[in-house]
Amino acid sequence: MKDVAAPLARLIEELKRLPGIGPKSAQRIAFHIERAPREEAERLASALIEVKDKIKLCSICNNLTEADPCAYCSDPSRDASVVCVVETPYNALAIEKTREFRGLYHVLHGALSPLRGIGPDQLKLKSLIERLKAGTVRELIIATNPNVEGEATAIYLSKLIKPLGIKVTRIAMGIPVGSELEFADEVTMLKAIEGRREL
Ligand SMILES: [Zn+2]
């Protein structure tokens, strides 16, 4: 990047680290920011810092939130007897976009992966078991990704949770196997929840 002034090169380098941003996009964004009014750049910079300073995990469901408990957990109109287990906060968002699911969530922050050294202790499982033992949950919907790790996690969870006397269901695989829920559209996601089967 020696053809570009150092501050621009630095911005391009930082942008390239972001998921989905290749070298070309990084350059385009960097030049856009350079041309934009100073206030626009400041808004972007402060939004970045605000996310780091203000976002924490909900102490009940581990979703990302500013207030604890999060908006889902503190909403009395939601059905606390159904909990949907997802790998990431944006998976919860994908389900939320269907506007049909009115239960609560539990975010694992990952999936089991022996290859990557991710075992049960690396996931937010303990808090899930504690939640379930409280006795208000009657169905647990497992909405981990339809790939090897997500399936392994679903099987592990069902073995762990069924002895507690809770109905365990798995979302239907209208979603292509090996893919990620993040990329499923709302209709596909809705069908996946509606077509869930008991494990
Ligand atoms: Zn929550």
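As the structure is a computational prediction, the values presented were derived from the model and not from experiment.
Under the ring-ring contact (aromatic ring centres under 6.0 Å, His included) criterion, the residue pairs touching residues 63-87 are Tyr72-Tyr105, with sequence neighbours excluded. Applying the ring-ring contact (aromatic ring centres under 6.0 Å, His included) test to every pair with at least one member in residues 24-53, sequence neighbours left out, gives no pairs at all. For residues 115-131, the set of pairs meeting the side-chain hydrogen bond (donor to acceptor under 3.5 Å, both in side chains) definition, not counting sequence neighbours, comprises His106-Arg131. A side-chain hydrogen bond (donor to acceptor under 3.5 Å, both in side chains) check over residues 161-173, counting only residues at least two apart or in different chains, returns the pairs Glu139-Thr169, Thr144-Arg170, Glu151-Arg170. Within the structure, ring-ring contact (aromatic ring centres under 6.0 Å, His included) pairs that include any residue of residues 123-165 do not occur (at least two apart or interchain).
Taking both residues in full, the closest heavy atoms of Cys58 and Pro69 are given as SG-CA, 3.9 Å, listed atom of the first, atom of the second, then distance. Listed here is the closest heavy atom pair of Pro89 and Leu64: CG-CG, 3.7 Å. The shortest non-hydrogen separation linking Leu57 to Asn62 is CD2-O, 3.5 Å. Across all their heavy atoms, Leu199 and Ala154 have their closest contact at CD1-O, 4.1 Å. Of all non-hydrogen atoms in Gly119 and Leu112, the two that sit nearest each other are C-CD2, 3.5 Å. Taking every heavy atom of both residues into account, Cys61 and Cys70 meet most closely at SG-SG, 3.6 Å.
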TODO: Using the side chain to side chain contact (heavy atoms under 4.5 Å, CB included) rule, take Val137 and Leu164 through it: C-alpha gap first, then chi angles, then the decisive distance, then the call.
DONE: CA-CA 10 Å; Val137 180; Leu164 301 176; over 6 Å; no

- [ ] Evaluate side chain to side chain contact (heavy atoms under 4.5 Å, CB included) for Leu104 paired with Ile60, printing each intermediate quantity in order.
- [x] CA-CA 10 Å; Leu104 299 176; Ile60 300 170; over 6 Å; no

- [ ] Begin from the C-alpha positions of Ile118 and Glu149 and carry the test side chain to side chain contact (heavy atoms under 4.5 Å, CB included) through to its verdict.
- [x] CA-CA 10 Å; Ile118 301 171; Glu149 284 98 356; over 6 Å; no

Open item on the list: If you apply the rule side chain to side chain contact (heavy atoms under 4.5 Å, CB included), what do you find for Val168 with Leu157, and how did you get there?
Closed with: CA-CA 9 Å; Val168 180; Leu157 278 176; 5.8 Å; no

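Every residue meeting the side-chain hydrogen bond (donor to acceptor under 3.5 Å, both in side chains) condition with Arg78, not counting sequence neighbours, appears here in chain and number order: Glu96. Listed by chain and number, the residues in a side chain to side chain contact (heavy atoms under 4.5 Å, CB included) with Ser59 are Asp68 (sequence neighbours excluded). In terms of the side chain to side chain contact (heavy atoms under 4.5 Å, CB included) criterion, residue partners of Leu190 (sequence neighbours excluded) are, by chain and number, Thr98, Glu100, Glu194. A search for side chain to side chain contact (heavy atoms under 4.5 Å, CB included) contacts involving Leu15 returns Leu11, Leu18, Ala26, Ile29, Ala30, not counting sequence neighbours. Listed by chain and number, the residues in a salt bridge (Lys or Arg N to Asp or Glu O under 4.0 Å) with Arg197 amount to none (sequence neighbours excluded). Under the side chain to side chain contact (heavy atoms under 4.5 Å, CB included) criterion, Thr136 pairs with no residue, sequence neighbours left out.
No donor-acceptor pair closer than 3.5 Å links the side chain of Arg17 to the backbone N or O of Glu14.
The neighbour count for Lys159 NZ, taken as heavy atoms of other residues, nucleotides or ligands under 6.0 Å away, does not exceed 12.
By the 4.5 Å heavy-atom criterion applied to side chains, Asn145 and Thr88 are not counted as neighbours.
In the hydrophobic clustering of ILVMFWY residues, with side-chain heavy atoms under 4.5 Å counting as a link, Ile12 and Ile21 come out apart. In the hydrophobic clustering of ILVMFWY residues, with side-chain heavy atoms under 4.5 Å counting as a link, Val4 and Ile33 come out apart. If you chain together hydrophobic residues whose side chains sit under 4.5 Å apart, Val82 and Met189 fall into the same group. Under the 4.5 Å side-chain heavy-atom criterion for Ile, Leu, Val, Met, Phe, Trp and Tyr, Ile155 and Val148 are members of distinct hydrophobic clusters. If you chain together hydrophobic residues whose side chains sit under 4.5 Å apart, Leu108 and Ile129 fall into the same group.
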Would you list the atom pairs, donor with acceptor, under 3.5 Å between side chains in residues 41-52 and any protein atom, with sequence neighbours excluded?
| unit_1 | atom_1 | unit_2 | atom_2 | d |
| --- | --- | --- | --- | --- |
| Glu42 | OE2 | Arg38 | NE | 2.7 |
| Glu42 | OE2 | Arg38 | NH2 | 3.2 |
| Ser46 | OG | Glu42 | O | 3.4 |
| Ser46 | OG | Arg43 | O | 3.3 |
| Glu50 | OE2 | Lys54 | NZ | 2.9 |

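Atom CG of residue Leu160 and atom CD1 of residue Ile166 lie 10.0 Å apart, to the nearest 0.5 angstrom. We find the CD1-NZ distance between Ile161 and Lys133 to be 10.5 Å, quoted to the nearest 0.5 Å.
Ion pair Glu13/Lys16 flagged as a salt bridge, since at least one NZ, NE, NH1 or NH2 atom sits closer than 4.0 Å to an Asp/Glu carboxylate oxygen.
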